[in-house]
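As structure tokens, the structure follows; a few thoughts come after it.
As the structure lists them, so they are numbered: ligands from 1, and atoms in each ligand from 1. Computed from heavy atoms alone, side chains included, the values below leave out hydrogens, waters and symmetry copies.
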Amino acid sequence: MKKIVVAGRNDSGKSTILGEMYKGLKMKDYQPIAVGSGVQDEKPYLLKGIESTYLTIAIPEPGHDIVTDIDRVIRNAVNLIKERNSLIQHARRALEELNKVRSVLDLGHLYQKDIPPVSTLPDVVLVEAVGINDGYKSEETRRLGDILVTIVPADIKNEIIMEQGNILLDEADIIVVTKTDETAREVATTTIKLLQRIYRYKAIIPVVATQGVHMDLVLDEIIRRLADPVRLLEQDKEKVKA
Ligand SMILES: Nc1nc2c(ncn2[C@@H]2O[C@H](COP(=O)(O)OP(=O)(O)OP(=O)(O)O)[C@@H](O)[C@H]2O)c(=O)[nH]1
Ligand SMILES: [Mg+2]
């Protein structure tokens, strides 16, 4: 499963973007699983429409490798979904058996509407990296993900962007500039132009995360990077046949 990591300074809008990505990916027939970086993430995620089945929290213990820890947390969460699915299927079969017996005894069918449907297994992971105060230098966060989405608030100080060793900006696949609605136009423009000058070939997308403005552009970039060439090839064949 590919991991999309959302990184950025504290309060930059990571959780908001993650919630929007969850919804957007679901609309495109992906089933994301979201990994928060602490219990404080749980409630806001639920409020943003992330279903509890697909929500988990990784709290890295000191001294533990955050990358292997996240993998363990994801494995556990997927196993829980599988176990639950297997119980649901079990309940379904048991009810069928019972109904066979009841039918022989002329007792009429029992319907159990409260047996839930089985859950789709997740196929992509969304991780919010712990908020960082000291700019964009976390090497470990870079190692976490296959697709790195770095969040920059529009009113960020230019010096921070220009610092050396900003690995989370240097290696970002997508740079999302947030809070463009509450930042003065000249300030937001300066931030974007500076980013464009340093990162000439990167996708840099200004958004109003809280209102979903331009989130479609962010999603397009993500889906392009998620696309599995083999799957595309199969789809091509289908299309040519049709
Ligand atoms: N006006 C405006 N507010 C935003 C935008 N994006 C996020 N916010 C607000 O900024 C605050 C922080 O957003 P979060 O998504 O929690 O940011 P975060 O980076 O996850 O924060 P931490 O996890 O605490 O580091 C919230 O009150 C959001 O509603 C935006 O584009 N415009
Ligand atoms: Mg957050």
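Heavy-atom proximity to atom 15 (O) of ligand 1, evaluated over Thr16, Val177, Asn10, is greatest for Thr16. Among Gly13, Ala154, Ala7, the residue whose heavy atom lies closest to atom 17 (O) of ligand 1 is Gly13.
Without hydrogens or angle criteria, Thr150 side chain to Gly8 main chain gives no donor-acceptor distance under 3.5 Å. Between the side chain of Lys202 and the backbone N or O of Ala172, at least one donor-acceptor pair lies under 3.5 Å. At distances below 3.5 Å, not a single donor-acceptor pair connects side-chain atoms of Ser86 with backbone N or O atoms of Lys82.
Restricting Glu128 to its N/O/S atoms, the shortest distance to the Mg ion (ligand 2) is reached by OE2.
Note: an N/O pair closer than 3.5 Å links Ser12 and ligand 1 by distance alone. Any N or O atom pair closer than 3.5 Å counts here, and Asp181 shares at least one such pair with ligand 1. Between Ser15 and ligand 1, a contact under 3.5 Å exists for at least one N or O pair. Taking only nitrogen or oxygen atoms, main chain and side chain alike, Thr178 does not reach within less than 3.5 Å of ligand 1.
More than 12 heavy atoms of other residues, nucleotides or ligands lie within 6.0 Å of CD in Gln40, so this atom counts as buried by the packing criterion.
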| said: Assess the residue pair Arg142 and Asp170 against the criterion (salt bridge (charged side-chain N to carboxylate O under 4.0 Å, His left out)); give the C-alpha distance rounded to whole Å, side-chain angles, the decisive distance to 0.1 Å, and a yes or no. | reply: CA-CA 10 Å; Arg142 175 28 21 260; Asp170 295 347; over 6 Å; no
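Heavy atoms of Lys14 found under 4.0 angstrom from ligand 1 belong to the backbone as well as the side chain. If you look at Gln40 next to ligand 1, there are no close heavy atoms at all, none under 4.0 Å.
The Val208 neighbourhood of ligand 1 comprises atoms 31 (O), with distances under 4.0 Å to a heavy atom of that residue. For ligand 1, the atoms sitting less than 4.0 Å from at least one non-hydrogen atom of Glu128 are 20 (O), 23 (O), numbered in the order shown with element in parentheses. In summary, the atoms of ligand 1 found under 4.0 Å from a heavy atom of Glu182, numbered by their order in the structure, are 1 (N). Close contacts between ligand 1 and Ala209 involve ligand atoms 6 (N), 30 (C), 31 (O) [criterion: under 4.0 Å to a heavy atom].
Under the 4.0 Å criterion applied to side-chain N and carboxylate O atoms, Glu96 and Arg93 are not assigned as salt-bridge partners. Of the charged side-chain nitrogens involved, none lies within less than 4.0 Å of a carboxylate oxygen, so that Lys239 and Asp236 do not count as a salt-bridged pair. Using a 4.0 Å cut-off between a side-chain N of Lys or Arg and a carboxylate O of Asp or Glu, Asp41 and Lys14 do not qualify as a salt bridge.
Linking Ile, Leu, Val, Met, Phe, Trp and Tyr residues whenever their side-chain heavy atoms come within less than 4.5 Å leaves Val208 and Val187 in two separate clusters.
With 2.8 Å as the limit, Ser15 counts as an N, O or S neighbour of the Mg ion (ligand 2).
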